[in-house]
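Here the structure is laid out as C-alpha coordinates; the discussion comes afterwards.
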Amino acid sequence: RLLLNKLIHLYGKCGAVDEAWRVFADIQQRDSFSWNLMIAALAENGYLERARDTFSKMGRPDVVSYTTMLRAYAQKGQVFEARDIFDQMPYKDRVAWNTMISAYARTGKLQQAELLFSQMEEKTSVSWTVLISGYAREGEVQRARLLFEEMPDRTIVAWNAMIGGYVHSKLVEAASGMFDRMPHRDVVSWTSMLTAYAHSLCLHKAKWCFDSMPERNVVSWNAMVTAYAHKGLIDQAQTTFDRMFKHSIVSWNTLVAAYAHVGLVEEAVQVFRQMPERDQLSLTTMVNVLAQAGRIDQAREMFEGLTSFD
RNA sequence: GUAUUGCAUACUGG
(Lines give C-alpha, C1' and ligand atoms only; values in the text may rest on other atoms or scores of the structure.)
Protein backbone atom coordinates (compact mmCIF):
# COMPACT_ATOMS: atom_id res chain seq x y z
CA ARG A 1 0.00 0.00 0.00
CA LEU A 2 2.92 2.23 0.76
CA LEU A 3 4.10 1.87 -2.82
CA LEU A 4 0.64 2.34 -4.25
CA ASN A 5 0.24 5.53 -2.27
CA LYS A 6 3.52 6.73 -3.65
CA LEU A 7 2.22 5.96 -7.13
CA ILE A 8 -0.85 8.14 -6.57
CA HIS A 9 1.48 10.92 -5.55
CA LEU A 10 3.68 10.45 -8.60
CA TYR A 11 0.80 10.33 -11.05
CA GLY A 12 -0.73 13.36 -9.41
CA LYS A 13 2.47 15.33 -9.78
CA CYS A 14 2.74 14.68 -13.48
CA GLY A 15 -0.88 15.40 -14.23
CA ALA A 16 -1.97 11.82 -14.81
CA VAL A 17 -5.13 12.02 -12.75
CA ASP A 18 -6.83 9.06 -14.36
CA GLU A 19 -3.88 6.82 -13.65
CA ALA A 20 -3.79 8.07 -10.08
CA TRP A 21 -7.46 7.35 -9.73
CA ARG A 22 -7.05 3.84 -11.12
CA VAL A 23 -4.41 3.10 -8.51
CA PHE A 24 -6.53 4.65 -5.80
CA ALA A 25 -9.55 2.59 -6.83
CA ASP A 26 -7.53 -0.61 -6.81
CA ILE A 27 -6.23 -0.24 -3.30
CA GLN A 28 -8.02 -2.71 -1.08
CA GLN A 29 -7.56 -1.02 2.24
CA ARG A 30 -7.16 2.67 1.72
CA ASP A 31 -5.66 4.58 4.56
CA SER A 32 -5.90 8.31 5.14
CA PHE A 33 -2.73 8.76 3.12
CA SER A 34 -4.34 7.22 0.05
CA TRP A 35 -7.34 9.51 0.38
CA ASN A 36 -5.34 12.62 1.05
CA LEU A 37 -2.99 11.98 -1.82
CA MET A 38 -5.90 11.41 -4.16
CA ILE A 39 -7.62 14.60 -3.04
CA ALA A 40 -4.39 16.53 -3.56
CA ALA A 41 -3.89 14.96 -7.00
CA LEU A 42 -7.37 15.98 -8.09
CA ALA A 43 -7.11 19.48 -6.68
CA GLU A 44 -3.69 20.18 -8.13
CA ASN A 45 -4.89 19.27 -11.58
CA GLY A 46 -7.89 21.52 -11.47
CA TYR A 47 -10.56 19.02 -10.50
CA LEU A 48 -11.78 20.95 -7.52
CA GLU A 49 -15.26 19.44 -7.58
CA ARG A 50 -13.99 15.89 -7.75
CA ALA A 51 -11.57 16.68 -4.96
CA ARG A 52 -14.40 17.99 -2.85
CA ASP A 53 -16.46 14.96 -3.73
CA THR A 54 -13.73 12.57 -2.70
CA PHE A 55 -13.20 14.57 0.44
CA SER A 56 -16.83 14.21 1.45
CA LYS A 57 -16.82 10.50 0.70
CA MET A 58 -13.98 10.05 3.10
CA GLY A 59 -15.15 8.60 6.36
CA ARG A 60 -12.99 10.47 8.77
CA PRO A 61 -11.11 13.28 7.12
CA ASP A 62 -8.10 14.21 9.19
CA VAL A 63 -6.35 17.52 9.62
CA VAL A 64 -4.35 16.91 6.43
CA SER A 65 -7.48 16.22 4.37
CA TYR A 66 -9.01 19.47 5.55
CA THR A 67 -5.85 21.42 4.92
CA THR A 68 -5.51 19.96 1.44
CA MET A 69 -9.03 21.14 0.58
CA LEU A 70 -8.35 24.48 2.20
CA ARG A 71 -5.32 24.93 0.01
CA ALA A 72 -7.25 23.77 -3.06
CA TYR A 73 -9.79 26.55 -2.57
CA ALA A 74 -7.10 29.05 -1.75
CA GLN A 75 -5.28 28.28 -4.99
CA LYS A 76 -8.42 28.97 -6.96
CA GLY A 77 -8.78 32.27 -5.13
CA GLN A 78 -11.91 31.05 -3.36
CA VAL A 79 -11.09 32.46 0.03
CA PHE A 80 -14.57 32.26 1.47
CA GLU A 81 -14.84 28.56 0.70
CA ALA A 82 -11.39 28.15 2.18
CA ARG A 83 -12.48 29.90 5.33
CA ASP A 84 -15.49 27.67 5.45
CA ILE A 85 -13.31 24.61 5.52
CA PHE A 86 -11.10 26.21 8.12
CA ASP A 87 -14.05 26.92 10.39
CA GLN A 88 -15.33 23.38 9.97
CA MET A 89 -12.13 21.81 11.13
CA PRO A 90 -12.56 19.94 14.40
CA TYR A 91 -8.90 20.33 15.13
CA LYS A 92 -6.53 22.86 13.62
CA ASP A 93 -2.81 22.47 13.76
CA ARG A 94 -0.25 25.10 12.88
CA VAL A 95 -0.05 24.07 9.24
CA ALA A 96 -3.80 24.61 8.93
CA TRP A 97 -3.48 28.08 10.41
CA ASN A 98 -0.57 28.91 8.15
CA THR A 99 -2.45 27.71 5.09
CA MET A 100 -5.42 29.90 5.96
CA ILE A 101 -3.22 32.91 6.61
CA SER A 102 -1.51 32.24 3.30
CA ALA A 103 -4.89 32.10 1.56
CA TYR A 104 -5.67 35.60 2.80
CA ALA A 105 -2.19 36.90 2.16
CA ARG A 106 -1.91 35.81 -1.44
CA THR A 107 -5.29 37.31 -2.30
CA GLY A 108 -4.23 40.64 -0.87
CA LYS A 109 -6.45 40.40 2.20
CA LEU A 110 -3.63 41.31 4.49
CA GLN A 111 -5.73 42.74 7.27
CA GLN A 112 -7.50 39.38 7.55
CA ALA A 113 -4.21 37.56 7.34
CA GLU A 114 -2.75 39.65 10.09
CA LEU A 115 -5.82 39.23 12.27
CA LEU A 116 -5.54 35.48 12.04
CA PHE A 117 -1.81 35.70 12.58
CA SER A 118 -2.33 37.65 15.77
CA GLN A 119 -4.82 35.07 16.99
CA MET A 120 -2.38 32.29 16.45
CA GLU A 121 -1.04 30.83 19.65
CA GLU A 122 2.22 29.31 18.55
CA LYS A 123 3.46 30.91 15.41
CA THR A 124 5.98 29.10 13.32
CA SER A 125 8.60 30.62 11.04
CA VAL A 126 6.24 29.83 8.17
CA SER A 127 3.52 32.00 9.75
CA TRP A 128 5.95 34.89 9.73
CA THR A 129 7.20 34.37 6.20
CA VAL A 130 3.68 33.99 4.86
CA LEU A 131 2.82 37.41 6.19
CA ILE A 132 6.11 39.02 5.25
CA SER A 133 5.92 37.77 1.69
CA GLY A 134 2.26 38.78 1.54
CA TYR A 135 3.11 42.39 2.32
CA ALA A 136 6.14 42.23 0.07
CA ARG A 137 3.99 41.06 -2.82
CA GLU A 138 1.62 43.95 -2.30
CA GLY A 139 4.50 46.40 -2.40
CA GLU A 140 4.21 47.21 1.30
CA VAL A 141 7.87 46.61 1.92
CA GLN A 142 8.03 48.81 4.99
CA ARG A 143 5.39 46.74 6.76
CA ALA A 144 7.14 43.60 5.60
CA ARG A 145 10.38 44.94 6.98
CA LEU A 146 8.84 45.73 10.36
CA LEU A 147 7.56 42.18 10.65
CA PHE A 148 10.91 40.89 9.55
CA GLU A 149 12.64 42.85 12.30
CA GLU A 150 10.08 41.58 14.78
CA MET A 151 10.50 37.97 13.75
CA PRO A 152 12.21 35.93 16.47
CA ASP A 153 14.39 33.54 14.48
CA ARG A 154 14.83 34.72 10.97
CA THR A 155 15.15 31.87 8.58
CA ILE A 156 16.79 32.07 5.21
CA VAL A 157 13.32 31.97 3.68
CA ALA A 158 12.38 35.14 5.57
CA TRP A 159 15.49 36.85 4.27
CA ASN A 160 14.68 35.69 0.77
CA ALA A 161 11.12 36.93 1.09
CA MET A 162 12.40 40.38 2.03
CA ILE A 163 14.83 40.41 -0.86
CA GLY A 164 12.04 39.37 -3.18
CA GLY A 165 9.89 42.19 -1.86
CA TYR A 166 12.57 44.76 -2.56
CA VAL A 167 13.18 43.31 -5.99
CA HIS A 168 9.51 43.54 -6.90
CA SER A 169 9.40 47.12 -5.73
CA LYS A 170 12.51 47.76 -7.81
CA LEU A 171 14.51 48.68 -4.71
CA VAL A 172 17.62 46.93 -5.94
CA GLU A 173 19.95 48.66 -3.49
CA ALA A 174 17.88 47.57 -0.52
CA ALA A 175 17.76 44.07 -1.93
CA SER A 176 21.48 43.83 -2.38
CA GLY A 177 21.98 45.28 1.09
CA MET A 178 19.98 42.44 2.57
CA PHE A 179 21.71 39.97 0.32
CA ASP A 180 25.10 41.05 1.65
CA ARG A 181 23.94 41.09 5.24
CA MET A 182 22.25 37.72 5.37
CA PRO A 183 24.07 34.94 7.18
CA HIS A 184 23.79 32.40 4.35
CA ARG A 185 22.65 32.58 0.77
CA ASP A 186 21.01 29.82 -1.16
CA VAL A 187 20.04 29.39 -4.79
CA VAL A 188 16.84 31.36 -4.19
CA SER A 189 18.72 34.35 -2.79
CA TRP A 190 21.08 34.34 -5.75
CA THR A 191 18.33 33.95 -8.30
CA SER A 192 16.37 36.82 -6.75
CA MET A 193 19.34 39.10 -7.19
CA LEU A 194 19.91 37.82 -10.69
CA THR A 195 16.31 38.72 -11.48
CA ALA A 196 16.72 42.16 -9.98
CA TYR A 197 19.68 42.85 -12.25
CA ALA A 198 17.93 41.31 -15.23
CA HIS A 199 15.02 43.68 -14.85
CA SER A 200 17.22 46.69 -14.31
CA LEU A 201 19.20 45.66 -17.40
CA CYS A 202 22.48 45.30 -15.52
CA LEU A 203 23.59 42.35 -17.57
CA HIS A 204 27.11 42.13 -16.19
CA LYS A 205 25.82 41.96 -12.62
CA ALA A 206 23.21 39.41 -13.61
CA LYS A 207 25.87 37.30 -15.25
CA TRP A 208 28.10 37.73 -12.23
CA CYS A 209 25.32 36.34 -10.00
CA PHE A 210 24.81 33.46 -12.35
CA ASP A 211 28.49 32.60 -12.40
CA SER A 212 28.94 33.08 -8.67
CA MET A 213 26.08 31.03 -7.40
CA PRO A 214 27.25 27.78 -5.86
CA GLU A 215 24.53 25.78 -7.55
CA ARG A 216 22.06 26.40 -10.32
CA ASN A 217 18.69 24.94 -11.07
CA VAL A 218 16.15 25.37 -13.87
CA VAL A 219 14.83 28.57 -12.29
CA SER A 220 18.24 30.24 -12.17
CA TRP A 221 18.93 29.23 -15.76
CA ASN A 222 15.58 30.65 -16.79
CA ALA A 223 16.40 33.88 -15.01
CA MET A 224 19.65 34.11 -16.94
CA VAL A 225 17.85 33.58 -20.24
CA THR A 226 15.52 36.40 -19.23
CA ALA A 227 18.47 38.65 -18.49
CA TYR A 228 19.76 38.22 -22.03
CA ALA A 229 16.29 38.50 -23.50
CA HIS A 230 15.58 41.82 -21.81
CA LYS A 231 18.78 43.14 -23.29
CA GLY A 232 17.68 41.98 -26.71
CA LEU A 233 20.59 39.55 -26.91
CA ILE A 234 18.62 36.81 -28.54
CA ASP A 235 21.59 34.70 -29.55
CA GLN A 236 22.93 34.59 -26.03
CA ALA A 237 19.46 33.78 -24.78
CA GLN A 238 19.18 30.92 -27.25
CA THR A 239 22.65 29.63 -26.43
CA THR A 240 21.91 29.67 -22.73
CA PHE A 241 18.64 27.89 -23.37
CA ASP A 242 20.48 25.25 -25.39
CA ARG A 243 22.95 24.64 -22.59
CA MET A 244 20.22 23.77 -20.14
CA PHE A 245 19.96 20.12 -19.27
CA LYS A 246 16.30 20.42 -18.55
CA HIS A 247 13.63 22.83 -19.78
CA SER A 248 10.51 23.76 -17.92
CA ILE A 249 7.47 25.37 -19.47
CA VAL A 250 8.81 28.66 -18.15
CA SER A 251 12.02 28.14 -20.14
CA TRP A 252 10.00 27.74 -23.31
CA ASN A 253 7.74 30.69 -22.59
CA THR A 254 10.81 32.80 -21.90
CA LEU A 255 12.35 31.86 -25.22
CA VAL A 256 9.17 32.61 -27.15
CA ALA A 257 8.93 35.99 -25.44
CA ALA A 258 12.60 36.61 -26.18
CA TYR A 259 12.09 36.20 -29.92
CA ALA A 260 8.93 38.25 -29.81
CA HIS A 261 10.75 40.98 -27.95
CA VAL A 262 13.24 41.47 -30.77
CA GLY A 263 10.55 41.26 -33.42
CA LEU A 264 11.45 37.83 -34.76
CA VAL A 265 7.88 36.65 -35.11
CA GLU A 266 8.53 33.64 -37.31
CA GLU A 267 11.17 32.34 -34.91
CA ALA A 268 8.79 32.82 -32.01
CA VAL A 269 6.23 30.75 -33.87
CA GLN A 270 8.83 28.05 -34.53
CA VAL A 271 9.74 27.84 -30.86
CA PHE A 272 6.09 27.76 -29.92
CA ARG A 273 5.56 24.82 -32.27
CA GLN A 274 8.42 22.93 -30.67
CA MET A 275 7.05 23.31 -27.16
CA PRO A 276 6.35 19.95 -25.52
CA GLU A 277 3.55 21.51 -23.48
CA ARG A 278 1.83 24.87 -23.33
CA ASP A 279 -0.05 26.88 -20.77
CA GLN A 280 -2.27 29.96 -20.85
CA LEU A 281 0.72 32.23 -20.90
CA SER A 282 2.19 30.51 -23.95
CA LEU A 283 -1.02 31.14 -25.83
CA THR A 284 -1.52 34.67 -24.53
CA THR A 285 1.99 35.57 -25.61
CA MET A 286 1.38 34.15 -29.08
CA VAL A 287 -1.92 36.00 -29.40
CA ASN A 288 -0.08 39.24 -28.72
CA VAL A 289 2.84 38.40 -30.98
CA LEU A 290 0.67 37.41 -33.91
CA ALA A 291 -1.79 40.25 -33.47
CA GLN A 292 0.99 42.82 -33.40
CA ALA A 293 2.48 41.29 -36.51
CA GLY A 294 -0.86 41.72 -38.23
CA ARG A 295 -1.46 37.98 -38.49
CA ILE A 296 -4.94 38.33 -37.17
CA ASP A 297 -6.29 34.98 -38.32
CA GLN A 298 -3.55 33.07 -36.56
CA ALA A 299 -3.95 35.23 -33.48
CA ARG A 300 -7.61 34.41 -33.43
CA GLU A 301 -6.83 30.72 -33.70
CA MET A 302 -4.62 31.01 -30.62
CA PHE A 303 -7.26 32.99 -28.84
CA GLU A 304 -9.77 30.25 -29.43
CA GLY A 305 -7.33 27.76 -27.99
CA LEU A 306 -7.21 29.91 -24.88
CA THR A 307 -10.90 29.59 -24.14
CA SER A 308 -10.55 25.83 -23.79
CA PHE A 309 -8.20 26.37 -20.86
CA ASP A 310 -10.71 27.60 -18.35
C1' G B 1 16.66 12.96 15.23
C1' U B 2 14.95 13.90 9.27
C1' A B 3 11.65 10.59 4.16
C1' U B 4 4.15 7.65 1.70
C1' U B 5 0.15 13.00 2.28
C1' G B 6 -1.15 19.32 3.84
C1' C B 7 1.65 25.57 4.88
C1' A B 8 6.16 30.07 3.35
C1' U B 9 10.78 32.63 -0.38
C1' A B 10 13.41 32.90 -6.56
C1' C B 11 12.36 32.30 -13.03
C1' U B 12 8.16 33.55 -18.26
C1' G B 13 3.37 38.12 -20.81
C1' G B 14 0.14 41.70 -18.22
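Just so we're on the same page: letters track the sequence lines, and every chain starts at 1. Keep in mind it's a predicted model, so treat the numbers as computed, not measured.
We find that CD of E215(A) is positioned 17 Å from P of A10(B), with the value rounded to whole Å. The nearest whole Å value for the distance from the NE2 atom in H199(A) to the C1' atom in A10(B) is 12 Å. In this structure, CE of M244(A) is placed 11 Å from C1' of U12(B), rounded to the nearest angstrom. Between I156(A) atom CD1 and U9(B) atom P there is a gap of 15 Å when expressed in whole angstrom units. Straight-line distance from the CD1 atom of I132(A) to the P atom of A10(B): 13 Å, rounded to whole Å. The distance between atom CG of D279(A) and atom P of U12(B), rounded to the nearest whole Å, is 13 Å. Rounded to whole Å, the distance from CG on L116(A) to P on C7(B) is 17 Å. Taking atom CD1 on I101(A) and atom P on U9(B), their separation rounds to 14 Å, with Å as the unit.
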Contact string for nucleotides 1-6 of chain B, one letter per nucleotide 5' to 3', B = base within protein heavy-atom range under 4.0 Å, S = sugar-phosphate only, - = neither, reads ---BBB
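There is a side-chain donor-acceptor pair under 3.5 Å between Y166(A) and R145(A). Under 3.5 Å, the side chains of E114(A) and Y135(A) contain a donor-acceptor pair of N or O atoms.
Comparing atom distances between the S102(A) side chain and each of U9(B), G13(B), C7(B) picks out C7(B) as nearest. The listed nucleotides are C11(B), U12(B), A8(B); the one nearest the side chain of N222(A) is C11(B). Checking U9(B), G13(B), C11(B) against the side-chain heavy atoms of S133(A) singles out U9(B) as nearest.
A donor and an acceptor atom sit less than 3.5 Å apart, one in the side chain of N217(A) and one in the base of A10(B).
The same atom, C1', is picked in U9(B) and in G13(B); the two are 22 Å apart, to the nearest Å. Separation of the C1' atoms belonging to A8(B) and U4(B) is 23 Å when rounded to the nearest angstrom. Atom name C1', nucleotides A10(B) and G6(B): the rounded distance is 22 Å, in whole Å.
Both tests pass for R50(A) against the ring of W21(A): distance under 6.0 Å to the centre and angle within 45° of the axis.
The pair D18(A)-R22(A) does not meet the salt-bridge criterion, since no charged nitrogen lies less than 4.0 angstrom from a carboxylate oxygen. Residues R295(A) and E266(A) are paired through a salt bridge, judged by an N-O separation under 4.0 Å between the basic side chain and the carboxylate. A salt bridge links E149(A) with R154(A): the distance from a Lys NZ or Arg NE/NH1/NH2 to an Asp or Glu carboxylate oxygen falls below 4.0 Å.
Interatomic distance, OG1 of T285(A) versus CE of M302(A), reported as 10.5 Å (0.5 Å rounding). With values rounded to the nearest 0.5 angstrom, N45(A) atom CG is found 8.5 Å from C14(A) atom SG.
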Just do the side chain to side chain donor-acceptor pair (under 3.5 Å) check on N288(A) and Q292(A) with the steps written out, would you?
-> CA-CA 6 Å; N288(A) 287 323; Q292(A) 278 178 28; 5.3 Å; no
Derivation of the ring pair (Phe, Tyr, Trp, His ring centres under 6.0 Å) call for F86(A) and W97(A) | CA-CA 8 Å; F86(A) 184 70; W97(A) 279 82; 5.4 Å; yes
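No contact: H261(A) has no heavy atom under 4.0 Å from any strand. Contact annotation for T129(A): base contact, defined as any heavy-atom pair under 4.0 Å involving a base atom. Residue R137(A) is classed as a sugar-phosphate contact, given heavy-atom separations below 4.0 Å to backbone atoms only. Contact annotation for T195(A): backbone-only contact, meaning every heavy-atom pair under 4.0 Å involves sugar-phosphate atoms and none involves a base. When heavy atoms are screened at a 4.0 angstrom cut-off, R106(A) is found touching the sugar-phosphate backbone but no base atom. Looking at heavy-atom distances under 4.0 Å, H230(A) makes contact with sugar-phosphate atoms alone, never a base. T254(A) comes within 4.0 angstrom of the backbone, heavy atoms only, and of no base.
Looking at RNA chain B, no stem turns up: there is no run of 3 or more consecutive Watson-Crick or G-U wobble pairs with key distances under 3.5 Å.
The two atoms that bring S220(A) and M213(A) nearest to each other are CB-CE, 3.3 Å, heavy atoms only.
Proximity of H168(A) to the phosphate of C11(B): a side-chain N or O atom is located under 4.0 Å from OP1 or OP2. For U9(B), neither phosphate oxygen OP1 nor OP2 lies less than 4.0 angstrom from any side-chain nitrogen or oxygen of H184(A).
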